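As the structure is a prediction and not an experimental result, all values here were calculated from the model. In what follows, chains are A, B, ... by sequence order, proteins preceding strands, each numbered from 1.
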Amino acid sequence: MTALPQCDTLALQLDQGVLHITLNRPDSRNAMSLLMVQELRELIQLTATDDAVRALVLRGAGGHFCAGGDLRDMVTARGQKAGDGEDPFYTLNRAFGHLLLEVEQCPQTVVAVLEGAVMGGGFGLACVADISLTRADARFALPETSLGIPPAQIAPFVVRRIGLTQARRLALLGERFDGCEALSMGVAQFMAEDEESMEQQLGHILQRIRHCAPGASRVTKALLLRVGNEPLAGLLDDAAGDFARAIRGAEGQEGTTAFMQKRPPQWAKTDANDQ
Amino acid sequence: MTALPQCDTLALQLDQGVLHITLNRPDSRNAMSLLMVQELRELIQLTATDDAVRALVLRGAGGHFCAGGDLRDMVTARGQKAGDGEDPFYTLNRAFGHLLLEVEQCPQTVVAVLEGAVMGGGFGLACVADISLTRADARFALPETSLGIPPAQIAPFVVRRIGLTQARRLALLGERFDGCEALSMGVAQFMAEDEESMEQQLGHILQRIRHCAPGASRVTKALLLRVGNEPLAGLLDDAAGDFARAIRGAEGQEGTTAFMQKRPPQWAKTDANDQ
Amino acid sequence: MTALPQCDTLALQLDQGVLHITLNRPDSRNAMSLLMVQELRELIQLTATDDAVRALVLRGAGGHFCAGGDLRDMVTARGQKAGDGEDPFYTLNRAFGHLLLEVEQCPQTVVAVLEGAVMGGGFGLACVADISLTRADARFALPETSLGIPPAQIAPFVVRRIGLTQARRLALLGERFDGCEALSMGVAQFMAEDEESMEQQLGHILQRIRHCAPGASRVTKALLLRVGNEPLAGLLDDAAGDFARAIRGAEGQEGTTAFMQKRPPQWAKTDANDQ
């Protein structure tokens with residue numbers, strides 16, 4: 001990445017191969033505006049081809065992750081007629097679904113840091129991260145049905161994340177829940193009681209990501225996301241090809257050599273010590 | 001619904017948009033007879049088009065939910081020859097699978113109240129409810145294989161409810177388990193220690209259902225059930241259409257207006273106060 | 001089975017319809033060599049048609065289940081050129097995926113007894129067992145990405161076993177975990193604190209398997225494995241046929257008769273007493 005793009009709604013920082021993306025509209029608890037969706041989509045696309053970026057960390061400014069869709073966009077869309085073209089509400093909603101799928105599919109390992117409000121679209125974003133780390137006191141919900149609308153783009157990703165049974169409960173009752181419940185349902189895989197523990201755990205997660213080879217991690221992520229969406233036999237054939245290429249490639253040679261020499265591999269060089 | 005149908009095996013009561021359905025064969029612990037299957041299927045079909053019914057509550061009379069298939073039907077079927085037509089055992093078994101799918105797909109939010117015996121077909125019924133509330137001391141099992149038969153129509157819904165790993169254990173070992181385990185596996189999402197807590201939690205669940213817009217809940221339920229059964233992109237396209245229609249419709253207008261006016265929406269009017 | 005085959009890498013014992021298979025390369029913590037894969041595949045194929053074998057128990061010699069792929073095979077494969085034919089690394093890797101699928105699909109109920117190292121391919125094998133019993137202090141991991149290679153044949157089975165969210169964590173962070181975590185994620189369904197409890201629980205599991213009719217268990221297992229891989233309606237049609245055949249067959253007659261006579265069925269005759 002020659003230079004980080006300028007964004008109105010995001011604050012960006014690149015550090016040791018990790019791109020830290022902060023949703024930066026703290027006045028509206030980082031509500032997901034159409035502009036924010038566009039800026040995130042462009043950023044993900046730009047980053048996808050950049051092998052130097054190994055992980056994305058998504059978090060929110062001002063103590064909240066993301067409170068959901070932006071009400072001002074809704075007001076604007078209502079003011080526009082659904083004329084000959086696409087209904088602006090359709091466009092607005094569908095764009096967010098594209099973002100969710102693009103975050104899910106992006107080659108880097110994506111870490112979401114969840115705190116404060118993680119509502120509606122914010123909850124959807126949490127559901128497509130590879131790794132989600134939540135504060136115990138974060139507040140989650142799918143409140144859409146209580147507002148008279150379906151959690152349209154979000155619900156499918158919630159089902160994929162936590163299964164139909166819990167997704168039904170969240171979507172059809174609209175109940176709030178906290179980080180402990182998010183952990184036990186598998187929305188998040190890590191939980192922190194306070195700010196200090198959160199930073200410590202994030203540091204540990206990033207260290208673990210650096211310990212895994214960048215290329216092998218990309219190949220593995222792509223493989224994991226295909227399971228259940230196509231016949232298994234062809235997937236395993238492709239996977240064997242991935243394996244052969246990887247072990248004959250530079251990473252596979254370095255990885256096995258480092259293992260036999262009992263030293264950390266090159267790609268993990270910022271690791272001080274590791275279990 | 002102009003009038004509730006007369007049923008031999010079910011007791012029905014309609015209260016504030018909630019249809020309470022009681023499996024009413026307490027002498028056989030509400031064993032699922034062919035007649036009960038027929039009456040339930042007709043009732044579900046009748047209710048499907050009734051917008052005034054927002055939720056179905058399924059429970060059993062006499063302290064048991066449902067002990068499984070009815071043995072007398074089995075004896076009758078054995079007495080009949082599998083002649084030129086369909087084997088009566090095939091018919092009997094397949095009808096129950098149709099019921100399970102129809103309960104799963106019905107537009108209302110379905111709440112199952114589980115207590116006492118929740119065996120075989122009763123367990124299957126628990127697995128297709130949107131919301132299951134169990135007594136801690138309820139007794140669950142898939143005892144079929146120990147009787148020399150497969151849990152044929154039930155097993156697929158168990159896999160969809162709790163995943164292959166736990167379904168394998170239950171079906172291939174035939175072990176009993178209680179409400180605590182049902183909660184931890186995700187058969188149920190709510191658990192009550194006693195009768196009083198059960199009624200209190202059921203009241204809370206129904207209040208939450210009323211808080212969610214009826215139309216948005218139907219659209220959301222249909223959407224949730226499609227996930228994993230078709231390609232995601234088309235599902236998200238349809239969902240964006242659902243969103244646009246909902247937010248421009250009466251519910252969407254009322255829901256967003258009520259939210260901005262900090263008052264409960266019309267459809268939640270029986271709510272006294274809500275979190 | 002007229003006679004157990006002679007194997008270099010496996011120790012075999014047939015006892016009361018249970019084939020005990022011990023991965024028997026303790027010097028390399030039962031690393032999964034190409035020869036072991038071949039011997040296991042041939043054994044599974046041979047056993048598949050043997051109705052007298054009702055269960056397979058997979059465990060490792062010397063206190064470890066299986067530490068993963070065999071490094072010597074890797075060295076050999078590297079020495080071979082990927083000439084006109086298939087890359088030896090491809091062959092080596094793909095063969096293991098075939099084994100995993102064949103263990104998963106084999107008609108007997110498969111029990112894995114997990115202790116010590118359950119790494120890489122060993123973890124994959126644990127994920128295809130019907131029943132997994134783990135020592136609390138067993139050590140699990142998917143360390144591949146930290147070696148520069150993808151867990152190619154294994155990852156899909158991990159996703160099917162524990163879902164995408166936890167599979168992502170294990171594969172993209174490469175972290176170790178113990179038997180308690182394996183239990184809570186659903187890798188295993190049973191956990192033992194020590195050797196004595198392990199044997200006791202294994203005895204209980206085998207007793208439960210004997211309590212379930214052999215034919216009905218096979219039909220049920222095949223049914224469970226089809227869920228999610230094909231449309232539900234046709235599966236339920238087939239299942240109703242299975243049901244009718246089973247209940248009219250010898251097992252169905254014996255099972256229902258024994259139930260009414262309050263005695264254990266013939267196939268459970270080694271059961272002393274049972275809950």
Original post:
Any chance CD of C/Glu196 has more than 12 other-residue heavy atoms, nucleotides or ligands included, within less than 6.0 Å?
Top reply: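 Open.
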Subject >> B/Gln105 CD: over 12 foreign heavy atoms closer than 6.0 Å >> reply: yes
Original post:
What residue in B/Thr91, B/Thr145, B/Asn229, B/Leu92 has the most heavy-atom pairs under 4.5 Å with chain C?
Top reply: B/Thr145
Measure distances from [X] to the heavy atoms of chain B and classify the residue's part below 4.5 Å as side chain, backbone, both or neither.
X	answer
C/Glu104	both
C/Ala129	backbone
C/Leu224	both
C/Val111	neither
C/Asp238	neither

Find the distance between [atom1] ([X]) and [atom2] ([Y]) and round it off to the nearest 0.5 Å.
X	Y	atom1	atom2	answer
C/Gln189	B/Leu173	CD	CG	8.0 Å
B/Leu71	C/Thr256	CG	OG1	8.5 Å
C/Ser217	B/Arg168	OG	CZ	13.0 Å
B/Gln153	C/Leu232	CD	CG	9.0 Å
B/Leu172	C/Arg54	CG	CZ	12.0 Å
C/Thr220	B/Leu170	OG1	CG	12.0 Å

Please classify the contact between [X] and chain C as side chain, backbone, both or neither, with a heavy-atom cut-off of under 4.5 Å.
X	result
B/Leu100	neither
B/Ala77	backbone
B/Phe157	side chain
B/Leu164	side chain
B/Met74	side chain

Go through [options] and name the one with the most non-hydrogen pairs under 4.5 angstrom from chain B.
options	answer
C/Cys212, C/Gly255, C/Ala244	C/Cys212
C/Ala233, C/Ser132, C/Gly215	C/Ala233
C/Leu223, C/Val187, C/Val219	C/Leu223
C/Ala213, C/Ala239, C/Ala240	C/Ala240
C/Arg218, C/Met260, C/Gln253	C/Gln253

Original post:
Does B/Gly148 offer a backbone N or O that forms a donor-acceptor pair with the side chain of C/Glu254 under 3.5 Å?
Top reply: no
Subject >> Flag, side chain of B/Arg78 to backbone of C/Ile247, donor-acceptor distance under 3.5 Å >> reply: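 Flag set: sc B/Arg78 to bb C/Ile247 pair under 3.5 Å.
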Original post:
Quick one: do B/Arg169 and C/Asp130 make a salt bridge, cutoff under 4.0 Å?
Top reply: no
**OP:** Begin from the C-alpha positions of B/Asp87 and C/Arg248 and carry the test side-chain contact (heavy atoms from CB on, under 4.5 Å) through to its verdict.
**Re:** CA-CA 10 Å; B/Asp87 186 333; C/Arg248 289 202 187 275; 2.8 Å; yes
Subject >> Student check: side-chain heavy atoms of C/Glu251 and B/Ile149 closer than 4.5 Å >> reply: no
Original post:
Can you tell if the side chain of C/Phe243 reaches within under 4.5 Å of the side chain of B/Tyr90, non-hydrogen atoms only?
Top reply: no
**OP:** Measure across C/Leu236 and B/Ala152 and return the closest heavy-atom pair with its distance rounded to 0.1 Å.
**Re:** CD2-O, 4.4 Å
Subject >> Any side-chain donor near an acceptor of the partner, C/His211 and B/Glu175, under 3.5 Å >> reply: no
